[in-house]
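The structure appears below as structure tokens.
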Amino acid sequence: MNLQWAKLRLGAFAAGLVSIVWGFQAMLLQHAPSVFNAQEEDMSFAWFVPLFSLYVVYADRARIRSAVRGPSWGGLAAMLPFLALGFLGARGIQVRFEIVAFAGLMVAWPWCVFGRGVARRMLFPALFLLFCIPLATYLDIVTVHLRLLATTTAYGLLKAFGVGVVRQGTMLATSNGFSIDVAAPCSGLRSIFALMALTAGYAYFNQRGVVRRLALFACSVPIAIIANIARIITICVVAECASSEFALGFYHDYSGYVVFGVAIVLMIAAGEGITRVADRIAPSREEDAPGAAEESAADASASRAKSALVPVVAGVALLACAMVYQAATPEVTIAEPPPCALTELDGYESVELGASEAELATLPGDTRIEKRRYISDDGDWFQVTLVVGGKSKSSIHRPELCLPAQGLLMTSPRTVGVDGVDWRIINLESAGYATHGFAYTFFNQAGFRTSSHARRIFRDVWDRSVLNRVDRWVMVTVTASRADDAVFSGFLSKLKGVVECSE
């Protein structure tokens, strides 16, 4: 009888997994792969993350079996927030929400069916899936500081070893005319994410105990930074000893192996150091193997499985309904765009500009773009761009994503309120040019206004998921000849009519 109930519970668990995979099919087949392949994210390592999670489950299968207990109402309750988040992510086309929800269900569903012990064993492989979340494009300010740190450190070490080198911002130049700009892709941020994943996996199998594993995992960030600095130094040394063409060509393209070669050596050394120090403080002990007491407890709980299967049945029904509804794609209502346009402003001469070829080629075809340059009597100029989004959410993006690609260094980000409208203002710096000012804000057809990309995303996800409506967002950007808040505010107040045209 116990065997029959065990098979029934296992079958219910498998049915729940199939429902989860069905509900997240868009993430697994479309959303996540598109992010992994995106050049701006550079997440080629993420393809191996789910494979490693599966390997951890396989390697720990004996401990997972020994931890099986009766079904849990707590696991069923834990599923609810992740089901809600997955619904918002799938219907709102937000892969970050989807990944978090999927990882959470990989813990909550085993908890519901097999108890808390199995959930605890599933915690690490589920958390490891979070390394699939794209974050590089959201940490642009961190990228700037990493670039400056890598450049300054490399400059100091090269000077210490007698290499003739000069530094200007994030650019290094040697005495033989070679120069390299440590751009955003070379900041080391993407290497940090990849090495964090590698170190987490290494720590799980190399270290015993949560404290040791966390200590080694914490070492991954400084190790990645050191390895990236080593890469920059070797590029400069190769240019000095060989040629600039070879350094910026073949060696630059394959010097990523230097990063991971140095990083792996440092990671192993850090692991050995943590083991030796920890063993001196508190000698490590092997984790208790599954014993007869645990097995007998599992058998006893199996005998009570019949009366405890209610949360499992409820969980299967909940997953089936939620995932089928999540995977469905009903017809959405596309809102009408707000009536807005760039016009003449009192006190300013203006000239209409056309959209660039890059904008026309990159943005979806139903995106509307207007540009106009305004010039004041005292010579200050302001270039305003009005982007009216279409059905695709890719019509509107964070301006911080494209500014670095134009060779601009972003500094001093702040939010300024002008006549009740919030604007995000950033200073833009580039070699040979005075510091410019840049500002942006968003609004939609319903009159919702914000300068926060995160708030805009949450509003858009809610409307797409719950109201089944695609909002028509408008992004207003202003580039100014001077990064002066007073001058900026005076001009932005004149644009108030543009950002309130939907009311």
Side-chain angles (χ1 to χ4, degrees), residues 334-376 380-403 405-406 408 410 413 415-426 428 436-453 455-457 459-460 463 470-483 487-503:
I334 304 175
E336 290 294 326
C340 53
L342 297 178
T343 60
E344 300 285 344
L345 295 178
D346 292 338
Y348 295 88
E349 295 182 5
S350 70
V351 57
E352 189 175 351
L353 305 175
S356 67
E357 293 184 4
E359 290 170 331
L360 295 175
T362 303
L363 297 176
D366 58 353
T367 306
R368 180 164 67 88
I369 304 174
E370 290 188 28
K371 287 185 177 183
R372 187 175 285 269
R373 179 184 288 260
Y374 298 90
I375 304 174
S376 65
D380 287 327
W381 58 262
F382 305 86
Q383 182 168 308
V384 183
T385 301
L386 190 71
V387 180
V388 183
K391 180 179 179 180
S392 172
K393 70 184 186 70
S394 61
S395 293
I396 306 293
H397 62 278
R398 295 174 69 232
E400 289 91 339
L401 298 184
C402 56
L403 292 174
Q406 302 171 27
L408 300 169
M410 300 177 294
T415 300
V416 176
V418 180
D419 294 338
V421 177
D422 285 342
W423 292 84
R424 187 68 170 171
I425 299 180
I426 305 170
L428 300 181
H436 288 8
F438 184 84
Y440 66 86
T441 192
F442 307 99
F443 65 91
N444 67 0
Q445 78 290 334
F448 179 80
R449 297 189 296 269
T450 181
S451 64
S452 168
H453 183 70
R455 287 189 64 198
R456 187 190 71 83
I457 287 295
R459 176 63 180 253
D460 187 66
D463 288 351
V470 175
D471 287 333
R472 301 296 295 273
W473 289 96
V474 178
M475 178 175 68
V476 185
T477 67
V478 182
T479 304
S481 56
R482 289 193 291 158
V487 174
F488 235 142
S489 297
F491 178 78
L492 295 179
S493 64
K494 300 288 184 67
L495 289 179
K496 185 179 180 182
V498 173
V499 296
E500 289 189 344
C501 60
S502 59
E503 294 186 341

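- Taking 4.5 Å as the limit, some side-chain heavy atom of Val416 sits within range of a side-chain heavy atom of Ser489.
- Note: Phe488 CZ to Ser493 OG = 12.0 Å, rounded to the nearest 0.5 Å.
- Taking the side-chain contact (heavy atoms from CB on, under 4.5 Å) definition, one finds that Thr385 meets it with Ile369, Lys371, Val387, Thr477, sequence neighbours left out.
- The pair Asp380-Arg482 meets the salt-bridge criterion, with a side-chain N (NZ, NE, NH1 or NH2) lying under 4.0 Å from an Asp/Glu carboxylate O.
- Across Gly390 and Val470, no two heavy atoms sit closer than the pair O-CG1, 4.3 Å.
- Residues Phe438 and Leu428 share a closest heavy-atom pair of CB-CD1, 3.6 Å.
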>> Please determine whether side chain to side chain contact (heavy atoms under 4.5 Å, CB included) holds for the pair Leu492 and Val478, giving the CA-CA distance in whole Å, both sets of side-chain angles, and the decisive distance to 0.1 Å.
In response: CA-CA 8 Å; Leu492 295 179; Val478 182; 3.9 Å; yes
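- No donor-acceptor pair under 3.5 Å is formed between the side chain of Arg373 and the backbone N or O of Val351.
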> Checking salt bridge (Lys or Arg N to Asp or Glu O under 4.0 Å) for the pair Arg456/Asp460: CA distance, chi angles, key distance, verdict?
Replying inline: CA-CA 6 Å; Arg456 187 190 71 83; Asp460 187 66; 5.2 Å; no
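- Within a 6.0 Å radius of CD in Glu344, more than 12 heavy atoms belonging to other residues, nucleotides or ligands are found.
- With values rounded to the nearest 0.5 angstrom, Asp422 atom CG is found 6.5 Å from Thr415 atom OG1.
- Side-chain contact between Val474 and Asn444: absent, with no pair of heavy atoms (C-beta onward) separated by less than 4.5 Å.
- Between atom CZ of residue Phe491 and atom CG of residue Leu345 there is a gap of 5.5 Å, rounded to the nearest 0.5 Å.
- In this structure, Thr441 contributes its side chain and Val476 its backbone to no donor-acceptor pair below 3.5 Å.
- Between His436 atom NE2 and Ile426 atom CD1 the span is 14.5 Å, to the nearest 0.5 Å.
- Note that CG of Leu495 and OG1 of Thr343 are 9.0 Å apart. Values are rounded to the nearest 0.5 Å.
- Between Phe382 and Tyr348, the ring planes are perpendicular. Angles over 60° get that label, and only those under 30° would be called parallel.
- The side-chain tip of Arg449 does not point at the ring of Phe443 from less than 6.0 angstrom away and within 45° of straight on.
- Taking all atoms of both residues into account, the shortest heavy-atom contact from Pro399 to Met475 is CG-SD, 3.9 Å.
- Ring planes of Phe448 and Trp473: perpendicular class, angle over 60° (limits at 30 and 60°).
- Scanning both residues, Ser395 and Asp366, for their nearest heavy atoms gives OG-OD1, 4.2 Å.
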> Are Ile375 and Ser350 close enough, and set up right, to give a side chain to side chain contact (heavy atoms under 4.5 Å, CB included), and what steps lead you there?
Replying inline: CA-CA 6 Å; Ile375 304 174; Ser350 70; over 6 Å; no
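- In this structure Arg424 satisfies the salt bridge (charged side-chain N to carboxylate O under 4.0 Å, His left out) test with no other residue, sequence neighbours excluded.
- Considering all non-hydrogen atoms of both residues, Pro337 and Val388 come closest at CB-CG1, 3.8 Å.
- Going from atom CZ of Phe442 over to atom CZ of Arg459 covers 14.5 Å, rounded to the nearest 0.5 Å.
- The two residues Ile396 and Gly389 come nearest to each other via the heavy atoms CD1-N, 4.0 Å.
- A salt bridge is absent between Glu370 and Arg372: the closest approach of a Lys/Arg side-chain nitrogen to an acidic carboxylate oxygen does not fall below 4.0 angstrom.
- Judged by distance alone, the side chain of Gln445 and the main-chain N or O of Pro338 form no donor-acceptor pair under 3.5 Å.
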